[in-house]
Amino acid sequence: MFFIDTSRNGKPVYDPIVNQSLDNYLVNDLKLPGHGLIVYVNQPAVIVGVNQNAYAEVNMPYLKKKGIKLVRRTSGGGAVYHDYGNIIFENIVINDDTHFGDFHYFAQPIINALHDMGATDAQVRGRNDMVIGKSKFSGMTMFKVGKSYAAGGTLMFDLDMDVATKVLTPEKDKLASKGVKSVESRVTNVKPYLKPEFQKLDIEGFKKQLLLRLFKADSLDDIETYHLNDHDWSIIDDRLKGKYDTDEWNYGKNPGFDYYVSKHYDIGTVSFNFSLIDNKISDIKIYGDFITGGDITVIEKALRGAELNRNSLVQTLSGIDIKNNLGDISPETLADLLLEKTIINK
């Protein structure tokens, strides 16, 4: 494993729109052979998954009042709040998908580092979470292109929990599935669990200590490092223009269809927003925090024109590859969810 330094002109980059585009560049364009790691910090921002409906996940009035940025990442997973008390880490693996989908493989080195710094109760739990007790301090996600992928997540060191609680509005069904009543009750910072000397660090100091343990090094100078250069940054800047820096990408469009259904499953939350004409699906959009290497539009296209009854829906969904384009969930389960339609615009 080697380190990829994402500083620019010797200074850290805190712009979340820039930082959230780095993995896309590293996987699709630069393609450094082997296993690289980037670690960065964002200014206050809400980061939503590529398939999420931001309007259902975020308190938009509060976000705009506080000047918090909204940024959509290129991978799945749920909405998270970032600020200067939070670290983001991403493993960039090129031409070797052996460990794709194995969150524990990438989480364990973080856990080992935190144990060394005093947080001995930190552990991996569930599909993609790192926790202390019943509270989560890190969530992970992945995205894949061919045999290359990015796998990473957040690490809450000294996050402002009050702001996080007010700006994130996850659906109650998701919270209920985890046995908690609010965002605040299910997350924690790791800072209070660390040894006293590490609790005194600022975020950059904590980042340094984390890197030294991940690479088993005595100094940052001892770590094999690739530094993003002017050529890299010119391409990154160009990629941002017209896509990742636009409201259309980051906020998305709320289609305003007539019906909305949502439920949390083992693969994550799955939501359908759709309209009907003569009891047939005329328009449909799938949202959720599921993580897939496939293409959910395959499912959307198949469902357009399907009659809203169980037999028709199951037959339609059985004819497509749900597992690779959404997750390990049955046609029958998705059909039952669609039939729970709730009218929202009529």
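The shortest distance between side-chain heavy atoms of I203 and D158 does not fall below 4.5 Å. By the 4.5 Å heavy-atom criterion applied to side chains, I47 and Q20 are counted as neighbours. Here the side chains of W233 and V18 are in contact, with some heavy-atom distance below 4.5 Å. Residues D29 and R239 form a side-chain contact, since some pair of their non-hydrogen atoms from C-beta on lies under 4.5 Å apart. Residues M130 and M140 meet the side-chain proximity criterion, which asks for heavy atoms closer than 4.5 Å. Counting only heavy atoms from C-beta outward, the side chains of Q315 and S312 never approach each other to under 4.5 Å. A heavy-atom distance below 4.5 Å is not found between the side chains of S262 and F272. Here the side chains of I88 and L22 are not in contact, with every heavy-atom distance at 4.5 Å or above.
Distance check: F215 CZ to L220 CG gives 10.0 Å after rounding to the nearest 0.5 Å. Once rounded to the nearest 0.5 Å, the distance linking NZ of K69 with NZ of K64 reads 15.0 Å. Atom CD1 of I92 sits about 7.0 Å away from atom CD1 of I94, to the nearest 0.5 Å. Here the CG-CD distance, from L317 to E332, works out to 9.0 Å after rounding to the nearest 0.5 Å. Here D328 contributes atom CG and I322 contributes atom CD1; the two are 10.0 Å apart, rounded to the nearest 0.5 Å. Rounding to the nearest 0.5 Å gives a distance of 8.5 Å between CZ of F89 and CG of L37.
The main-chain N or O of Y244 is found under 3.5 Å from a side-chain atom of N250 such that the two form a donor-acceptor pair. The main-chain N or O of K136 is never found under 3.5 Å from a side-chain atom of R186 such that the two would form a donor-acceptor pair. Listed for the K263 side chain is no donor-acceptor partner under 3.5 Å among the backbone atoms of L337. Side-chain atoms of T333 do not come within 3.5 Å of backbone N or O of P331 as any donor-acceptor pair. D238 contributes no side-chain N or O that, together with a main-chain N or O of S234, makes up a donor-acceptor pair within less than 3.5 Å. Between the side chain of S282 and the backbone N or O of S275, at least one donor-acceptor pair lies under 3.5 Å. When atom types are taken as modelled, the side chain of T169 and the backbone of E57 share a donor-acceptor pair closer than 3.5 angstrom. Side chain of R127 to main chain of I267: a donor-acceptor pair is present (N/O by atom type, distance under 3.5 Å, no hydrogens or angles). Panel note: side chain Q209, backbone F198; no donor-acceptor pair is recorded below 3.5 Å. With hydrogens and angles disregarded, a donor-acceptor distance shorter than 3.5 Å links the side chain of Q199 to the backbone of L194.
The local environment of CD in E248 is sparse, with at most 12 non-hydrogen atoms from other residues, nucleotides or ligands closer than 6.0 Å. Other residues, nucleotides and ligands contribute over 12 non-hydrogen atoms within 6.0 Å of the CG atom of D237. Heavy-atom contacts from other residues, nucleotides or ligands closer than 6.0 Å to CG of N229 number more than 12.
Applying the side-chain contact (heavy atoms from CB on, under 4.5 Å) test between L326 and each of L334, D295, N51 identifies L334 as the sole match.
Between the side chains of N112 and Q108, at least one donor N or O lies within less than 3.5 Å of an accepting N or O. Judged purely by distance below 3.5 Å, without hydrogens or angles, the side chains of T269 and H264 pair a donor atom with an acceptor atom. Between Y260 and E340, the side chains place no donor N or O within less than 3.5 Å of an acceptor N or O (distance only, hydrogens not considered). Using a 3.5 Å distance cut-off with no hydrogens or angles, the side chains of Y25 and D232 do pair a donor with an acceptor. Side chains of N19 and N42: a donor on one and an acceptor on the other come within 3.5 Å.
Residues L32 and I223 do not share a hydrophobic cluster, defined by chaining ILVMFWY side chains whose heavy atoms lie under 4.5 Å apart. Note on I329: it clusters hydrophobically with I284, by side-chain heavy-atom contacts below 4.5 Å among ILVMFWY residues. No continuous path of ILVMFWY side-chain contacts below 4.5 Å connects Y251 to I17, so the two sit in separate hydrophobic clusters. V261 and V314 end up in different hydrophobic clusters when Ile, Leu, Val, Met, Phe, Trp and Tyr side chains are linked at under 4.5 Å. Under a hydrophobic-cluster definition in which Ile, Leu, Val, Met, Phe, Trp and Tyr are linked whenever side-chain heavy atoms come within less than 4.5 Å, directly or via other members, V27 and L240 are assigned to the same cluster.
Nearest heavy atoms, A306 versus T316: CB-OG1, 3.9 Å. For the residue pair F257 and K285, the shortest heavy atom distance occurs at CE1-N, 4.0 Å. When every heavy atom of R310 is checked against every heavy atom of D336, the shortest pair comes out as NE-OD1, 2.7 Å. Considering every non-hydrogen atom in both Y81 and P44, the closest pair reads OH-CB, 3.6 Å. The minimum heavy-atom distance between A107 and V124, with the atom names listed, is CB-CG2, 3.7 Å. The two residues I286 and E300 make their nearest non-hydrogen contact at N-OE2, 2.8 Å.
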**Message:** One pair to check against side-chain contact (heavy atoms from CB on, under 4.5 Å): M161 and N189. What are the steps and the verdict?
**Reply:** CA-CA 9 Å; M161 294 296 184; N189 284 311; 3.7 Å; yes

**Item:** Stepwise side-chain contact (heavy atoms from CB on, under 4.5 Å) test for V163 and Y62
**Value:** CA-CA 9 Å; V163 174; Y62 183 82; 3.8 Å; yes

**Message:** Under the criterion side-chain contact (heavy atoms from CB on, under 4.5 Å), I'd like the reasoning laid out for D258 against F274: C-alpha separation, chi angles, the key distance, then a yes or no.
**Reply:** CA-CA 6 Å; D258 296 322; F274 63 101; over 6 Å; no

**Prompt:** Step by step, would you call H35 with F106 a side-chain contact (heavy atoms from CB on, under 4.5 Å)?
**Reply:** CA-CA 11 Å; H35 179 175; F106 295 102; 3.9 Å; yes

**Request:** Starting from the C-alpha separation in whole Å, work towards a yes-or-no answer on side-chain hydrogen bond (donor to acceptor under 3.5 Å, both in side chains) for D321 and N324.
**Result:** CA-CA 6 Å; D321 189 348; N324 285 322; 2.8 Å; yes

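Residues K166 and D162 are paired through a salt bridge, judged by an N-O separation under 4.0 Å between the basic side chain and the carboxylate. With respect to the salt-bridge test (charged N to carboxylate O, under 4.0 angstrom), the residues D230 and R8 do not qualify.
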Result block: side-chain N/O donor-acceptor pairs under 3.5 angstrom for residues 142-156, not counting sequence neighbours:
{"unit_1": "K144", "atom_1": "NZ", "unit_2": "D97", "atom_2": "OD2", "d": "3.4"}
{"unit_1": "K144", "atom_1": "NZ", "unit_2": "G146", "atom_2": "O", "d": "2.8"}
{"unit_1": "S148", "atom_1": "OG", "unit_2": "N95", "atom_2": "N", "d": "2.9"}
{"unit_1": "T154", "atom_1": "OG1", "unit_2": "G139", "atom_2": "N", "d": "3.4"}

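Taking the salt bridge (Lys or Arg N to Asp or Glu O under 4.0 Å) definition, one finds that D83 meets it with nothing, sequence neighbours left out. Contacts of Y226 classified as ring-ring contact (aromatic ring centres under 6.0 Å, His included), with partners at least two apart in sequence or in another chain: none.
Taking the six-membered ring where the residue is Trp, the centroids of F157 and F137 are separated by 6.0 Å or more.
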